[in-house]
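Notes follow once the structure below has been shown.
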Amino acid sequence: QVKLVESGGGLVQPGGSLRLSCAASGIRFSLYAMGWYRQAPGKQRELVASITSAGSTNYADSVKGRFTISRDNAKNTVSLQMNSLKPEDTAVYYCNADRPGWANDYWGQGTQVTVSS
């Protein structure tokens, strides 16, 4: 019954902002590291940002200074604030939950982000 549901994607102009949200259910959310990945057509899925259960964050070099990942354990949500968006940020963005020491991880269905004028 594990479910991750992303929301907040859409069409935005270059330089604009979007905030993605991922709501998790069926897991002990506070025990999981959470991540945002993205996949553009013809490219491999790549890690954009991650946050551990303790709140430590990591970002891909391409988004450092522009994106911020955060989590709210009381609401079982993880968010990705995306500022100064560029056309190369266009992709389907996926939420991921990964518990240290466990083989299985979980994925959301994805949300489309399109940056275009």
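Source: prediction; values computed, not measured.
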[atom1]-[atom2] distance between [X] and [Y], expressed to the nearest 0.5 angstrom:
| X | Y | atom1 | atom2 | value |
| --- | --- | --- | --- | --- |
| Thr68 | Arg66 | OG1 | CZ | 11.0 Å |
| Ile51 | Ser56 | CD1 | OG | 8.0 Å |
| Lys3 | Asn76 | NZ | CG | 12.5 Å |
| Asn58 | Ile69 | CG | CD1 | 9.5 Å |

Do the side chain of Gln13 and the main chain of Val115 share a donor and acceptor less than 3.5 angstrom apart?
-> no

Determine, using the 4.5 Å side-chain heavy-atom cutoff (strictly less than), whether [X] and [Y] are members of one ILVMFWY cluster.
| X | Y | answer |
| --- | --- | --- |
| Tyr94 | Tyr32 | no |
| Val92 | Val5 | no |
| Leu20 | Leu47 | no |

If we only count heavy atoms from C-beta on, is the [X] to [Y] side-chain gap below 4.5 Å?
| X | Y | value |
| --- | --- | --- |
| Thr114 | Val12 | no |
| Asp89 | Phe67 | yes |
| Val113 | Thr90 | no |
| Asn73 | Ser30 | yes |

Where do Ser53 and Leu31 land on the side-chain contact (heavy atoms from CB on, under 4.5 Å) test, with the steps shown first?
-> CA-CA 6 Å; Ser53 60; Leu31 301 180; 5.9 Å; no

Atom pairs and distances, donor-acceptor, side-chain atoms in residues 79-87, under 3.5 Å, two or more places apart:
residue, atom, partner, partner atom, Å
Gln81, OE1, Arg19, NH1, 3.3
Gln81, NE2, Asn83, OD1, 3.0
Asn83, OD1, Ser17, OG, 2.9

Closest non-hydrogen atoms of Tyr59 and Ala49, given as atom of the first, atom of the second and distance, are CD2-CB, 3.6 Å

Tell me, with the steps shown, if Arg38 and Tyr93 meet side chain to side chain donor-acceptor pair (under 3.5 Å).
-> CA-CA 4 Å; Arg38 67 187 181 189; Tyr93 283 70; 2.9 Å; yes

Return the set of residues passing side-chain contact (heavy atoms from CB on, under 4.5 Å) with Ala33 (not counting sequence neighbours), or none when no residue passes.
-> none

Counting heavy atoms not belonging to Gln44, are there more than 12 under 6.0 Å from its CD?
-> no

Does Trp107 have its ring centroid less than 6.0 Å away from the ring centroid of Tyr37?
-> yes

With a cut-off of 3.5 Å and sequence neighbours excluded, list every side-chain donor-acceptor pair involving residues 95-102.
residue, atom, partner, partner atom, Å
Asn96, ND2, Asp105, OD2, 3.2
Asn96, ND2, Tyr106, O, 3.2

Distance under 6.0 Å and angle within 45° of the ring axis: does Arg71 meet both against Phe29?
-> yes

